[in-house]
4 protein chains.
Amino acid sequence: MGRPRDAGVERRALDAAARVLADHGHGALTVDAVAARTGIAKTTLYRRWPTRAHLLATVAHAALAPPSTGATDDLAADLRGALGTLATALGRASHAGLLAEVVAASAHHPDLRAALHALGEVRRAATRDRLARAVADGRLAPGTDVELVLDQLLGPVYLHVLVVGDTPTPDYVRRLVDAVLAGAGHPGGARSGRGGSGRGDVGHEDSGRGSSGRGLHSDGPAGTPPADTTSEGSP
Amino acid sequence: MGRPRDAGVERRALDAAARVLADHGHGALTVDAVAARTGIAKTTLYRRWPTRAHLLATVAHAALAPPSTGATDDLAADLRGALGTLATALGRASHAGLLAEVVAASAHHPDLRAALHALGEVRRAATRDRLARAVADGRLAPGTDVELVLDQLLGPVYLHVLVVGDTPTPDYVRRLVDAVLAGAGHPGGARSGRGGSGRGDVGHEDSGRGSSGRGLHSDGPAGTPPADTTSEGSP
Amino acid sequence: MGRPRDAGVERRALDAAARVLADHGHGALTVDAVAARTGIAKTTLYRRWPTRAHLLATVAHAALAPPSTGATDDLAADLRGALGTLATALGRASHAGLLAEVVAASAHHPDLRAALHALGEVRRAATRDRLARAVADGRLAPGTDVELVLDQLLGPVYLHVLVVGDTPTPDYVRRLVDAVLAGAGHPGGARSGRGGSGRGDVGHEDSGRGSSGRGLHSDGPAGTPPADTTSEGSP
Amino acid sequence: MGRPRDAGVERRALDAAARVLADHGHGALTVDAVAARTGIAKTTLYRRWPTRAHLLATVAHAALAPPSTGATDDLAADLRGALGTLATALGRASHAGLLAEVVAASAHHPDLRAALHALGEVRRAATRDRLARAVADGRLAPGTDVELVLDQLLGPVYLHVLVVGDTPTPDYVRRLVDAVLAGAGHPGGARSGRGGSGRGDVGHEDSGRGSSGRGLHSDGPAGTPPADTTSEGSP
DNA sequence: AATTAAGCGAGACGGTACGTCGCGTCTTAAG
DNA sequence: CTTAAGACGCGACGTACCGTCTCGCTTAATT
């Protein structure tokens, strides 16, 4: 019963948050600031996001959502494109810091791990699919551990952006992609391989789709509470 | 001129900070807390560290300082050891958050970038030397880009610890090292990665379905903590 | 709108402040102290009083609020009573210092001037009325400048308490009242002042001679510190 | 033995202090500030003045030292001149605040009472002499209590400058002098003002009654001024 | 239609830490 | 024994956000 939630709240809040983030950095992205700019009451904000960190996670999710990268036939080029946009997105100082804050907060708020995971997946999914296709096409060795390749590709980018403090250059990205592909048995630039085994270890079907950002909100409009993230035994 | 600085201040502060960190997490690692515990005046602390974040950076540096890793003749084993200890060190929940906080703060305090860089180098230097020796020995291809290899090795570890939210398992580390060495032309590196265990993709059990946030560890059913998180030995 | 202010906050704060003032002097009358004693959050206190000085002003106002002085038919006696209680109130060391602090702060916070003005009026109003009545009754000359008379009466009291550093004695008050009334054309005022006691200048134990300014410096050739001016009991 | 004191220290310190006072008010008149501006070490300053307040007292003494007022045959004119210069000197906001700070500090440092006393005497001495001469000349009634007259003259000036917060106008000074002289039996005292006191108490812009003491709080329920928290007997 | 259960804006509140300022003391080295 | 330099302990300042808590009003769905 009762009055229904105003759907506009969330949108207005995130818009304002994005603007604050862009204008003044993640340090200025406070609940009070969003409330002040939007006229939304703090109470209302806290009804959606139980914690500032949860709000940040949602903002980060929106900020890092990738533009749909068109896939071509050139695997290396596609990967370079994906890493390039990731580097660019994370390269904005405010975004890297935003991500870092969520990471830091995830120590106190275990449910943020889910959000963080989703954050990673946002960028990961498309690339995973591209790699899987390459395996199916035979351009990558059958049996290639796609997740591991993903880690080798994405890891260095995060490392540089977050820890080292520089944004990977296009040249760096190129060298990185080449090195990783070489290790994964990708035949240089030639198009050999062709047939071969279609069977890779497709066992990572968390190929995105999700990237929903769920788990950030206190409860949803129509109420599926976010999955309990603590009780989930793995065999 | 003037009264010389009391060297004990720094030592006592860092000791106390480390204890607070271990006991209550990085959120409790407060300038006030350190002052209260040590009897050092806040102003004195601020004379050394202009900001809480600077203090955190120093603490992180100390916390991540590598134990002297003995190098053997087995390159892959040495790398596995290095990554293992890094994963373990970062794996302590408090440390990952600590690092993340410093990253977040570095957006506001550009001088922290240097500290952050140093933070990365703490672990990087020894491994770099080991790789350089391998190149000199001819075990790695002559023109190998050592820094790039380092990125490929360390990046995924940071990625998992910070963003994905799990601690790399020994098995994961082994596969990673093998894959990277294979790409760098290490004789036998590619072999071992392929034949040995790669197939079933152990180490990534979070194969989708939910972005659950649960760890990626390949630990046994229920309780066993994935790796020894206290002793930093390599298997 | 919004949550209404808790009226108890103000009361509890001022109660505690008065107690601190009485127990430890105005130097100990700290925002932190009041917060600690009352359990009121510092931020809440600062919402009411934007500055420590503003709090002091309110406390001073309360401390100097006059008890309702019963007026009689004897003008001189009434004035003596009023001045006597004023002298007593200001005479408490803590109160004089309190007032002085507000005066000092009013240089930085112009809005305190209003508070200060009110502080003066607290004591002034009743006496003003009494004088006006005397004018109406014909006991004071018709055109008497009541404000000027007030200044002549109150001014010397403030002067002694604040600057000279002693508390006016009843005898001094009697002579002052007589002298001022004589000037204002009060019948018999001049008489009583003359014959009674005036002669020997009792009440002023220091007739100047030097304006040396000594006593400020730590050491000196052999200075006798000036006579103690504090012991001056009033019956 | 040892190195002799540098006499220039005191002079340089006071010069700098006076400049700080004039430029930034008494709030900025800090020991550190003086040290910084002069290059004098804090230690050295504290060797001369055991406390900031002591330094302030010395500065105040210098700031309030009267220019030698030439005495004429016109008693009233001389007094007007003396009070006028006093009002001007104290009228500078910085000076009144300075004096107030010393008064406030004198509660904690009893030795400052002497300095304070001297401060009062600076202005008092010359006027006292002038009054004494008038008594000797027979222009004031023999037996006049000179100290009391001084109090009546100076008291209102201090009262206005410190408590009321305005600077006495020349007109106010004239009326005050006339009133006091009239009370002291000065022939023609009432005359000099041409028409006596007249209606309108110019110089008092507030006849009380309003200005309740509001304006201290940020805002408030517009209630009654806080209850008297002290009990106060009248002698 | 009256009731009722939210949602919402407003803003006070308790709490914790921040980073700063000034005091007065001290330690050292230089003269 | 004085001076400059400056670190140090101490204590308070005023500020910033956090997340919680009344309020009073608005908006549907339920009685």
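Reminder, nothing fancy here: chain letters follow the sequence lines and each chain counts from 1.
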(Q) I want to check one thing: is the phosphate of E:dG7, taken as OP1 and OP2, less than 4.0 Å away from some side-chain N or O of A:Arg5? (A) yes
Q. What is the distance, rounded to the nearest whole Å, between atom CZ of D:Arg48 and atom P of E:dG24?
A. 17 Å
Q | Close side-chain approach of D:Glu101 to C:Glu101, heavy-atom, < 4.5 Å | A | no
Q) Is the backbone of B:Leu29 close enough, under 3.5 Å, to the side chain of B:Arg52 for a donor and an acceptor to pair up by distance? A) yes
(Q) Are the side chains of B:Asp111 and B:His54 in contact, using a 4.5 Å heavy-atom criterion? (A) yes
Q | Under 4.0 Å protein heavy-atom contacts per nucleotide of nucleotides 14-23 of chain E, with B for base, S for backbone only and - for none | A | BB-SBBBBBB
Q. How would you list, by chain and number, every residue that makes a side chain to side chain donor-acceptor pair (under 3.5 Å) with A:Arg92, sequence neighbours excluded?
A. none
Q. Is the side chain of D:Thr38 donor-acceptor paired with the backbone N or O of D:Ile40 at a distance under 3.5 Å, no angle test?
A. yes
Q | Residue-phosphate contact under 4.0 Å: B:Arg3 side-chain N/O, F:dG9 OP1/OP2 | A | no
Q: Give the rounded distance in Å between these two atoms: NE2 of D:His108 and C1' of E:dG24.
A: 15 Å
Q: Nearest whole angstrom, please: distance from the P of F:dG11 to the NE2 of C:His24.
A: 14 Å
Q: Check ring-ring contact (aromatic ring centres under 6.0 Å, His included) between A:His108 and all other residues, then give those that pass, not counting sequence neighbours.
A: B:His26
